[in-house]
Number of protein chains: 2
Amino acid sequence: MQEHSKTPRLANRRELIIKTAARLFREKGFEATTVRELANAVHLQSGSLFFHFESKEEILLAVLEGGLLRAVAILNRSLHKARTPREKLAAIFHGHLKAILEEERDAFTIILRDWRTLSPRSRKAVIALRDKYEEHIDRVLREIAHEPFIPKDIRLFRLFLLGALNWTVQWYRPGGALTADQLAERFLSMVVADKDVAGKQRPTAKQTRVRAALRL
Amino acid sequence: MQEHSKTPRLANRRELIIKTAARLFREKGFEATTVRELANAVHLQSGSLFFHFESKEEILLAVLEGGLLRAVAILNRSLHKARTPREKLAAIFHGHLKAILEEERDAFTIILRDWRTLSPRSRKAVIALRDKYEEHIDRVLREIAHEPFIPKDIRLFRLFLLGALNWTVQWYRPGGALTADQLAERFLSMVVADKDVAGKQRPTAKQTRVRAALRL
DNA sequence: CCTACCGATCGGTAGG
DNA sequence: CCTACCGATCGGTAGG
């Protein structure tokens, strides 16, 4: 932890560039963000960015790879202690919303809008990570698929659910009325029987039976 | 309808430019599409585009305004003969998916990705049209909101449903296994009691009661 | 990590 | 609607 050690300073600067780029790319788009803007934001001359990165695209790649790797970790942590089908589905809702709305919102927003600008090589790397992330979700949903009363077409059910979750990046604003966790619980209650969601009004025995039968 | 009348030729050329621009902007993004590419695609010299439009942005504006205006018409047509709450919800599913997946996919994709590049003036015009479109959907959902057993938080329910529908632009490919109408029916069956959806296996009386009670 | 700079490309224009 | 062109800006580089 020496002040004068060069490696940590370089790593810190690199991380600062990546973090700042993530915000700018999300706010303005990758192509609309110039290297000069990014350089100014981290108090460098524009040419100096290329002391840390070979190209503007390499910065984008670093943003996306870092974000997706951390998102996988978030999802894993959320899924780790889930046991019952309901708990597993809840873990997906909570972990996924935490990843895309709070921790790694930049990466998910950018990948959705700007993935086309990546070179084939970079694109392959990013898609591999994205597939890894989605595999976790797919695996859990396939486990739940064998539960009774789940829609037959599990693929469409998955696309339906993930669509509703993913779309939140379009309207959710941090610091609003709901935290990501609260939003996850509200959404869960729309597709699955309440157990003790939010601890509020307990449903009648009949309602619980009915809704459990219908959805999970 | 004379061959030598100039007005229709001009109008046709203008429409061709708008239609071609819509496809290119969707495929490559607005900023990544150069005026030279667009000009080549319609067999003009790049400078000649500015005989028809004042700026590249004016082309984008024409693409979005045209698409949104036609989308409103599609939605109106779909909602026109809907009477019961279920029919109204079905009309939204069918009309909205037809608009965003088939007829006006370009405009919805572009507006989602590139609206930030519009000038404040253009943005205002586009947002006004978008609000008009969403008003139709909102109005119907508010009517349905008073039906029993609809989730209390109608706003979140709306965001949940529209999220699932809107997200289809990310994965649906025309010419695949499902038409937009078929997809609408499948999605409908996930949130509302079947009446005679697809005419397939009729649910039991109990199921119908249960699902109707739960969702609509 | 800065200074100084470059080739390429962009949207757009003048004049016909 | 074309020809010929321009000023601005872009990502990136050489040399220190």
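Just so it is clear: chains get the letters A, B, ... in the order the sequence lines come, proteins before strands, and each one is counted from 1. Keep in mind it's a predicted model, so treat the numbers as computed, not measured.
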| task | Could you check whether A/Ser48 gets within reach of a base, just the sugar-phosphate, or nothing at all, counting any heavy atom under 4.0 Å? | result |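 Base, at least one base heavy atom under 4.0 Å.
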
Exercise. Assign B/Leu49 to base, sugar-phosphate, or nothing according to its heavy-atom contacts below 4.0 angstrom with the strands shown.
Key: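 Nothing, no nucleic acid heavy atom in range.
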
Of all the choices, [options], which nucleotide is nearest to the side chain of [X] once you look at every atom?
X       : options                : value
B/Thr34 : C/dC1, D/dG12, C/dC10  : C/dC10
A/Lys56 : D/dG12, D/dC1, C/dC1   : D/dG12
B/Phe50 : D/dG12, C/dT13, D/dC10 : C/dT13
B/Arg36 : D/dC5, C/dC2, D/dG12   : D/dC5

Between [N] atom [atom2] and [X] atom [atom1], what is the distance in whole Å?
X       : N      : atom1 : atom2 : answer
A/Glu37 : D/dG12 : CD    : P     : 15 Å
A/Phe53 : D/dT13 : CZ    : P     : 15 Å
A/Glu57 : D/dG11 : CD    : P     : 13 Å
B/Asn12 : D/dC1  : CG    : P     : 11 Å
B/Asn40 : C/dC10 : CG    : C1'   : 15 Å
B/Gln45 : C/dT13 : CD    : C1'   : 15 Å
B/Leu38 : D/dC1  : CG    : P     : 13 Å
B/Phe51 : C/dA14 : CZ    : C1'   : 15 Å

ask   = According to the Watson-Crick and G-U wobble definitions, with both distances under 3.5 Å, which nucleotide is paired to D/dG15?
value =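 Its partner is C/dC2.
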
(request) Tell which nucleotide pairs with C/dC10, taking only Watson-Crick or G-U wobble pairs whose two distances are both under 3.5 angstrom. (result)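 Paired with D/dG7.
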
Open item on the list: Within the 3.5 Å criterion, strictly below it, is a donor on B/Glu57 or B/Ser122 matched to an acceptor on the partner's side chain?
Closed with: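 Yes, because at least one side-chain N or O of B/Glu57 sits under 3.5 Å from a partner of the opposite role on B/Ser122.
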
When rounded to the nearest 0.5 angstrom, what distance separates CG in B/Leu64 from CZ in B/Arg123?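 It is 12.0 Å, given to the nearest 0.5 Å.
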
query: When the ring planes of A/Phe160 and B/Phe187 are compared, do they come out parallel, tilted or perpendicular, using 30° and 60° as the limits?
result: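 Rings of A/Phe160 and B/Phe187: perpendicular, over 60°.
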
Requested in this report: Using a 4.5 Å cut-off on heavy atoms from C-beta on, say whether the side chain of B/Leu38 contacts that of B/Ile17.
Outcome: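 Heavy-atom side-chain distance check passes, below 4.5 Å.
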
Report task. Determine whether A/Leu156 and B/Leu183 make a side-chain contact, defined as any pair of heavy atoms from C-beta on separated by less than 4.5 Å. Result ->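 A/Leu156 vs B/Leu183: side chains touch.
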
